[in-house]
Amino acid sequence: MKLDINQIEQHNASLSEAHQRKFDFVANEIKDVEAVIEKLQAFQIAIPSWALGTGGTRFGRFNGPGEPSTLEQKIEDVGLLHALNKSSGAISLHIPWDIPTDAQKIKDLAASYDLTFDAVNSNTFQDQAGQEFSYKYGSLHHVDARVRKQAVDHNIEVIKHGEALGSKSLTVWLADGSSFPGQLNFREAFQNTLSSLQEIYAALPSDWKLFVEYKAFEPHFYSTTIADWGQSLLLASKLGDQAYTLVDLGHHLPNANIEQIVSLLLMEGKLGGFHFNDSKYADDDLTAGSIKPYQLFLIFNELIDGLDARGLDHATGLGWMIDASHNLKDPLVDLLQSVDAIKLAYAQALLVDRVSLKQAQQENNIIKAQEILQDAFRTDVRPIVAEARKRSGAAIDPVALFTALNVRGQLVQERGEKSVATGL
């Protein structure tokens, strides 16, 4: 299914008068509003192929109707998202869930939707059909060298798939860890992981990046081999200049100061990318901005400050991607909402008066610093983000248009009620 540009134009025409009134009101209060809009138009958030179907918990999964059961259908769904918001111009594949049988054909299909391929993701956190050794007790950290080699070989295979698609980065997330004291020798597990990653790093093309993701707990609950940003940074530093830390907003213990983490990683030149989601307790994978919108704004405040300090482009300096599992909501609507929330937080952070904030910090003027940040956060930038979409040829209100066109209903007609997304 492809959206007709006329459908978007008709939708925008019906909202144009009200939108223009709101935009003019806000724009008059914002300095350099055109520069903000330009940055918003350039800012893209990649969509992961696994987020296009209904997720689940360890207690069960409830399939959604019209799920994409093939890689081609997943590309079609991301194409729908991108047509609606013009902010989702890349897709991130998880191998072996989504192995392209004909890379050029898949590239051409993606290009027809104006899509490129973002980071490719390896999977050694579950056993796959036909593999010789199990990852029950770990993969890259495993005590058995044969299991480690199998996991290394898989990551190298993923790199090759990524090369064929035009990707430029590999994300490695490990479920490796332990659930009981004494189960692992921590030092040996870390050293095995480093040695395995060094083999993968050696296979990395010269223009690629390796993202090392971390997670405090789950599926193991006593230790995780790459449990926090410090351990990820240590590995990335030992690997070399092409290795970076990847921050998933859900992979932290409660109340972690994520904005401080990203600030320091940027300072060290070792922040590589982001996985956006939101959480109440831990790795809840909820819609971005649905629980902690102020924290998301504060994170972007530090990101902009750090990117500018290093002279990095906001849109291309880091890898931006959503990582979520949609258990109750329509995945496409959830993704539209997440992208919108990310763009809103980014827009708000662009409004921060950094000169005045720096002065307040130098004067230890805590009240002034708080007022500067909260003034930007409390600015209603929705018309600004909508204007950026409109100028890019997207819908002023993507969720409203998705609903009005009954997109999910049309997908159900094409795919059936019982189609199941791959990899879930």
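Below, each value reflects all heavy atoms present in this structure, side chains not excepted, and no hydrogens, waters or symmetry copies.
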> Given Lys136 and Asp127, is the salt bridge (Lys or Arg N to Asp or Glu O under 4.0 Å) satisfied, shown in steps?
Replying inline: CA-CA 8 Å; Lys136 180 176 181 178; Asp127 291 346; over 6 Å; no

> Which is it for Ile30 and Val26 under the side-chain contact (heavy atoms from CB on, under 4.5 Å) test, yes or no, and what are the steps along the way?
Replying inline: CA-CA 7 Å; Ile30 295 177; Val26 177; 3.5 Å; yes

>> Checking the side chain of Ser195 only, and the main-chain atoms of Asn192 only, is there a donor and an acceptor separated by less than 3.5 Å?
In response: no

> For Ala347 and Val381, which heavy atoms make the closest approach, and how far apart are they?
Replying inline: CB-CG2, 4.0 Å

> What's the shortest heavy-atom distance between Arg61 and Ala421, and which atoms?
Replying inline: NH2-N, 4.2 Å

>> Run Ile91 and Phe117 through side-chain contact (heavy atoms from CB on, under 4.5 Å) and show every step you take.
In response: CA-CA 5 Å; Ile91 182 170; Phe117 287 92; 3.4 Å; yes

> Taking the six-membered ring for Trp, are Phe300 and Phe276 ring centroids under 6.0 Å apart?
Replying inline: yes

>> Please check: side-chain N/O of Asp278 versus main-chain N/O of Gly289, any donor-acceptor pairing under 3.5 Å?
In response: yes

>> Tell me if a side-chain donor or acceptor on Thr124 pairs with a main-chain N or O of Ser139 at a distance below 3.5 Å.
In response: no

>> Among Leu335, Ile47, Ile45, which residue satisfies the side chain to side chain contact (heavy atoms under 4.5 Å, CB included) criterion with Ser88?
In response: Ile47

> Is a side-chain donor-acceptor pair under 3.5 Å present for Gln73 with Ser69?
Replying inline: yes

> Is the backbone N or O of Ala243 less than 3.5 Å from a side-chain atom of Lys270, with the two atoms forming a donor-acceptor pair by type?
Replying inline: yes

>> To the closest 0.5 Å, what do you measure between CG (Asp334) and OG1 (Thr287)?
In response: 3.5 Å

> Stepwise, does the salt bridge (Lys or Arg N to Asp or Glu O under 4.0 Å) test hold for Lys168 with Asp207?
Replying inline: CA-CA 7 Å; Lys168 295 293 183 182; Asp207 58 346; 2.5 Å; yes

> Could you walk me through whether Phe180 and Phe221 pass the ring-ring contact (aromatic ring centres under 6.0 Å, His included) check?
Replying inline: CA-CA 8 Å; Phe180 298 96; Phe221 295 95; over 10 Å; no

> So, do His314 and Tyr346 have ring centers that fall under 6.0 Å from each other?
Replying inline: yes

> So, the side chain of Asn155 versus the backbone of Ile200: is there a donor-acceptor pair under 3.5 Å, distance only?
Replying inline: no

> Could you walk me through whether Phe125 and Tyr135 pass the ring-ring contact (aromatic ring centres under 6.0 Å, His included) check?
Replying inline: CA-CA 7 Å; Phe125 52 82; Tyr135 296 132; 9.4 Å; no

>> Between Gln337 and Lys329, is there a side-chain donor-acceptor contact under 3.5 Å, judged purely by atom types and distance?
In response: yes

> For Pro331, which residues count as a side chain to side chain contact (heavy atoms under 4.5 Å, CB included) partner, sequence neighbours excluded?
Replying inline: Thr54, His326, Arg408

>> Using only atom types and a distance under 3.5 Å, with no angle test, would you say the side chain of Asp375 pairs donor to acceptor with the backbone of Ile372?
In response: no

> Can you tell me if CG on Asn255 sees more than 12 non-hydrogen neighbours from other groups inside 6.0 Å?
Replying inline: no

>> If the threshold is 4.0 Å, N to carboxylate O, is there a salt bridge linking Arg310 and Asp305?
In response: no

>> For Gln41 and Ser392, which I'm curious about, is there any donor-acceptor pair between the side chains at under 3.5 Å?
In response: yes

> Stepwise, does the salt bridge (Lys or Arg N to Asp or Glu O under 4.0 Å) test hold for Asp144 with Arg148?
Replying inline: CA-CA 7 Å; Asp144 190 331; Arg148 298 198 300 272; over 6 Å; no

>> Is there a side-chain contact (heavy atoms from CB on, under 4.5 Å) between Thr245 and Val212? Walk through the geometry before answering.
In response: CA-CA 5 Å; Thr245 291; Val212 182; 5.6 Å; no

> Are the side chain of Arg389 and the backbone of Asn85 linked by a donor-acceptor contact shorter than 3.5 Å?
Replying inline: no

> Should Tyr214 and His252 be marked as a ring-ring contact (aromatic ring centres under 6.0 Å, His included) after you check the CA-CA gap, both sets of side-chain angles, and the distance that decides it?
Replying inline: CA-CA 9 Å; Tyr214 60 89; His252 301 83; 5.3 Å; yes

> Hey, what's the ring geometry for Tyr294 with Phe297, parallel, tilted or perpendicular (30° and 60° as the breaks)?
Replying inline: parallel

> Where the side chain of Gln131 meets the backbone of Gln128, is there a donor-acceptor pair that is under 3.5 Å apart?
Replying inline: yes

> Looking at Asp176, Asp283, Asp248, which one forms a salt bridge (charged side-chain N to carboxylate O under 4.0 Å, His left out) with Lys215?
Replying inline: Asp283

>> For the CZ atom of Arg382 and the OG1 atom of Thr379, what is their distance to the nearest 0.5 Å?
In response: 12.0 Å

> Hey, what do you get for CD (Gln126) to OG (Ser134), rounding to the nearest 0.5 Å?
Replying inline: 11.0 Å

>> Quick check against the 3.5 Å criterion: does Ser290 have a side-chain atom that pairs as donor or acceptor with the backbone of Ala288?
In response: no

>> For Tyr137, is the OH atom crowded, meaning more than 12 foreign heavy atoms sit under 6.0 Å from it?
In response: no

> Is the backbone of Asp323 close enough, under 3.5 Å, to the side chain of Trp50 for a donor and an acceptor to pair up by distance?
Replying inline: no

>> Tell me if the CD atom of Gln260 is crowded by more than 12 foreign heavy atoms within 6.0 Å.
In response: no

